[in-house]
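Values below: every heavy atom of this structure, side chains too, minus hydrogens, waters and symmetry copies. Per chain, numbering begins at 1; letters A, B, ... match sequence-line order. Fair warning: this is a prediction, and the values are worked out from it, not measured in the lab.
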Amino acid sequence: MGLHRFEPLPADLAALQVEIEGHARRYGLDFFATIFEVVDSNQLNEVAAYGGFPVRFPHWRFGMEYEQLSKGYTYGLQKIYELVINNDPCYAYLMKSNALADQKLVMAHVYGHCDFFKNNYWFSQTNRKMMDQMANHGQRIRWHMDRNGVDDVENFIDACLSIDDLIDIHSPFIKRHAPVERPKPAGDTDEDAPRQPGRFRAKGYLDRFVNPPEAMAAEAERLRGEQARHEARFPSKPTRDVMLFLLEHAPLKAWQLDILAMLRDEAYYFAPQAQTKIMNEGWASYWHSTIMTRQGLTGQEVVNYADHHSGTMATSPGRLNPYKLGIELFRDIEERWNTGRFGRDYDECDDLTAKRRWDTGVNLGREKIFEVRRIHNDLTFIDEFLTLDFCRRYKLFSFGYNPDSTAYEIESREFPAIKERLLFSLTNRGRPLIAVREANYKNRGELFLEHDYSGVELQMDYARDTLVNLQRLWRRPVHIESVLDGKLAVLSYDGTEHNLEHSKTPADLATA
Amino acid sequence: MVQRIERDQSRFREIVRGRIRQNLRQYVTHGEMIGRKGRELVSIPIPQLDLPHFRFGKNGSGGVGQGDGEEGDQVMPGDANGQGEGHAGNQPGQHLVEVEVSLEELAAILGDELELPRIEPKGQANINELKSKYTGIRRAGPESLRHFKRTYKEALRRQIASKSYNRERPLVVPINEDKRYRAWKTIEQPQANAAIVYMMDVSGSMTDEQKQIVRTEAFWIDTWLRSQYQGVEIRYVIHDAAAKEVDEETFYHTRESGGTRISSAYKLCGEILEADYPASEWNVYCFHFSDGDNWGEDNETCLNLLRSKLLPEINLFCYGQVESPYGSGEFIRALRSGFKEDEEKLVLSEIRNKEAIFESIKTFLGKGK
């Protein structure tokens, strides 16, 4: 079965592709071979429902997404302009009904994405044959469905998808596991010696008052106990890759393990896209606008192009448009590095007039943005390049939920507040940081997760139902520790009912 | 391309149906549907269709936006169903997905769930409905029905014939006699029609809560009957001591004080049927809702009217006695003793509260009349 399921590219579009690809290469973009498929709106909605893949495993959620997309399209609420798959070769879709000027824009945009996929570090560990792998996953899951029944398999998939964001997005780049964990002979290293309680410095004759022996003994005892608990703890360190942890330790059947492993692979494949949304869209928009305005457009296409470009860049108060933020940041970086507005001299200059006129003529802009697109993800991109000037120029503000008015309201236009909000929303793709803390909680094989609370509480109804799904995978009671109403709390589900325990201090729980 | 999505889509719809079925009693009871009634489709919230994830709640959450505005200005409304979250409890999750379902499908689910029998329309009730169908072309008609292609062809033909057509400048301008219009023919189609007459007691003892119950129940009755007949006509009668025919809006919102004389409504109902819905052509359904507090001597009149005038002419007469804060009346007992069990066309139901609507619908429609 070939991957080409749609119509071959008609001659005019094929010629267009050669032209746009040529422009992209001359600008130094570097991409995998790119295959464009022409599809009608139904096909595009279908492919989009499957996350861009023409073949995927069967699941009702894709049907739901398709319905929502088609409805949005029918009512004119939304229209998908471009869809690209990170694969070698890259696949991209062109909507049949688009005008030629639109197709050009889409192609130029797509080459930006393809370059980003190939060169951005965060994509470096993704499977470039994902098109094939997705098809294989589909095949295998259908096979499991034939053997185990559609309902059982689908229910199991539901449970897996419910925790498919509990992965460790940095793990492809860091070795977390020691290859084999062998017990070391006792007393072999200092680490194994019981920790000594800290002593306050004191003159010899004062020592037994400053560090009373009874207190020291009690403290030593406490430390021993803590260490023992720590050693007995499994896993020894909190692990964020909950999916992997379940793969290695949950009592699942072979077919269930197979499905969980496949869905975990898919989750890791999609993770970098969520990590680089602003950069990726910004980069693609930067290039479509550069190519189109300098080479691509004919006179009669300008209005059409301008209309669609401005549509893509439109902003609304409650939502930050990643296309707009991304392209403007790239332009800002290019401008700063062209004029030398970076580094110590510029930062330490107090003369506002001089700063405003600053131009060392170094012209490093283009080079710099290529470097940025290689190294960064959204989090580090914003952290490094969002400036006070930029926030002012683009009228950024931070907003928050006000329970009194039950609405989101503008909180601040102060640069640090804005940056903090933005960084928070980008941390871990905007999802709560959750890890397995204990797999043998209460010595009863119960699973204990911890939420690394950073100021925003979990949404309880979702948390409850996620626990239900987690329990279906772990088969023993599951717990999550988080903060609720400002107090530490443990939400539990034992397979039949939920339970919520508030505790006053973290210490209460340590001894529980 | 293989349309894989169709299978996933039908799977999704199957799940939606299942969830609706699970929650049907709740939808029926809370009358959520009525406010959402569109033309053909209702949009209903299906709980727990969304795949749950651990995610942030609203409190403390927020983001970064762009544009003008002062501190404190609202940028987005928080949606209503977020209220009260974050509190402890054992309720299942509230996350909802809105799904559109056709009223017809909803009726089918309701029918399945209540085990409602399909209605066999009365044999002689098949009347011929007149229906317009576009069948041809004619020379005159409204502009909205102009057939562009045929008009163009005529104009082109005329211009070529009169040698006014210029190949270099192919401009074709139709004049009046070129214009062609779609023509329709009226055809007769056999159709089973039904008429519903709703009667409601609006005397002082019927409160808004009772009326809400009536309204909810009537919505489901409508939905079911519409799924069984091609054409359904609905009339509304309100009464206290006297009866009058009103429109739907008035029906649900009128409140009168004073006494109750149910027979006035039955009499008016009989007149409506006689005038517009002869038994030979119509399947007639009458529903009467009251708290049952009737003038004592009026009960006998009601029984007589039912026996002699209404019941012989109609498919079904349903009386729903809605319990009011003032207690519930005697009328239902009068009907019970007046007719015993032998009268198949008369169905009685006591509706104590909202929760009883579900069973009441089943009682009313469960006979398949």
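- Most heavy-atom pairs under 4.5 Å with chain A, from the set B/G62, B/G65, B/S10: that is B/G65.
- Ranked by non-hydrogen atom pairs under 4.5 Å with chain B, the options A/A49, A/G400, A/S162 are led by A/S162.
- At least one side-chain heavy atom of B/P52 sits less than 4.5 Å from a side-chain heavy atom of A/N469.
- For the atom pair A/L396 CG and B/Q66 CD, the distance stands at 5.5 Å (nearest 0.5 Å).
- Listed options A/S405, A/P432, A/S398 were ranked by heavy-atom pairs under 4.5 angstrom with chain B; first place goes to A/P432.
- Within the model, atoms CD of A/E46 and CD of B/Q9 stand 9.0 Å from one another, a figure rounded to the nearest 0.5 Å.
- Considering only residues two or more places apart in sequence or on other chains, B/R55 meets the side chain to side chain contact (heavy atoms under 4.5 Å, CB included) condition with A/Q459, A/Y462.
- When each of A/D165, A/I418, A/V150 is checked for heavy-atom pairs under 4.5 Å with chain B, A/D165 comes out on top.
- In this structure, chain B has heavy atoms under 4.5 Å from both the backbone and the side chain of A/L422.
- Neither the backbone nor the side chain of B/E14 comes within less than 4.5 Å of any heavy atom in chain A.
- Rounding to the nearest 0.5 Å places CZ of A/R142 at 5.5 Å from CZ of B/R7.
- Taking a 6.0 Å sphere around CD of A/E420, one finds it holds 12 or fewer heavy atoms contributed by other residues, nucleotides or ligands.
- Atom CZ of B/F54 and atom CG of A/L467 lie 4.5 Å apart (nearest 0.5 Å).
- Around CZ of A/R392, the count of heavy atoms belonging to other residues, nucleotides or ligands within 6.0 Å does not exceed 12.
- Proximity of A/M64 to B/I15: side-chain heavy atoms (C-beta onward) are nowhere separated by under 4.5 Å.
- At least one side-chain heavy atom of B/R4 sits less than 4.5 Å from a side-chain heavy atom of A/V55.
- For A/K395, the side chain to side chain contact (heavy atoms under 4.5 Å, CB included) partners two or more places apart in sequence, or in a different chain, are A/R413, B/D68.
- The environment of CZ in B/R352 is sparse: at most 12 heavy-atom neighbours from other residues, nucleotides or ligands sit within 6.0 Å.
- Side-chain contact between A/Y408 and B/K58: present, with at least one pair of heavy atoms (C-beta onward) separated by less than 4.5 Å.
- Using a 4.5 Å cut-off between heavy atoms, A/K419 does not touch chain B at all.
- When the candidates A/E154, A/K71, A/R61, A/R56 are compared by the number of heavy-atom contacts under 4.5 Å with chain B, A/E154 comes out ahead.
- With a 4.5 Å cut-off on non-hydrogen atoms, A/L166 touches chain B through its side chain but not through its backbone.
- In this structure, the side chains of B/D8 and A/Y66 stay at 4.5 Å or more apart for every pair of heavy atoms.
- For the pair B/F12/A/E67, a side-chain contact is recorded, criterion being any heavy-atom separation below 4.5 Å from C-beta on.
- A pairwise comparison of heavy atoms in A/D151 and B/R11 identifies OD1-NH2, 2.6 Å as the closest pair.
- For a residue to count as touching a neighbouring chain, one of its non-hydrogen atoms must lie under 4.5 Å from one of that chain's; by this rule A/Q68 touches chain B with the side chain only.
- If you run side-chain contact (heavy atoms from CB on, under 4.5 Å) between A/F397 and each of B/D73, B/V64, B/V75, only B/V75 comes through.
- For B/E70, the CD atom is loosely surrounded, since the number of other residues' heavy atoms within 6.0 Å does not exceed 12.
- In terms of heavy-atom proximity, A/T466 sits nearest to B/H53 at OG1-C, 3.2 Å.
- Other residues, nucleotides and ligands contribute more than 12 heavy atoms inside 6.0 Å of the NZ atom of B/K179.
- Residue A/A463 touches chain B through both its backbone and its side chain, counting heavy-atom pairs closer than 4.5 Å.
- Under the 30°/60° scheme for interplanar angles, the aromatic rings of B/F56 and A/F424 are found to be tilted.
- Both the backbone and the side chain of A/D164 come within less than 4.5 Å of a heavy atom of chain B.
- Within a 6.0 Å radius of CD in B/Q22, other residues, nucleotides and ligands contribute more than 12 heavy atoms.
- The shortest heavy-atom contact between A/H59 and B/L51 is CE1-CD1, 4.4 Å.
- Between B/Q74 and A/A407, the shortest heavy-atom contact is CD-CB, 3.6 Å.
- Residues A/W60 and B/V16 are not in side-chain contact: their nearest non-hydrogen atoms beyond the backbone lie 4.5 Å or more apart.
- Remark: B/R150 CZ is loosely packed, at most 12 non-hydrogen atoms of other residues, nucleotides or ligands lying under 6.0 Å away.
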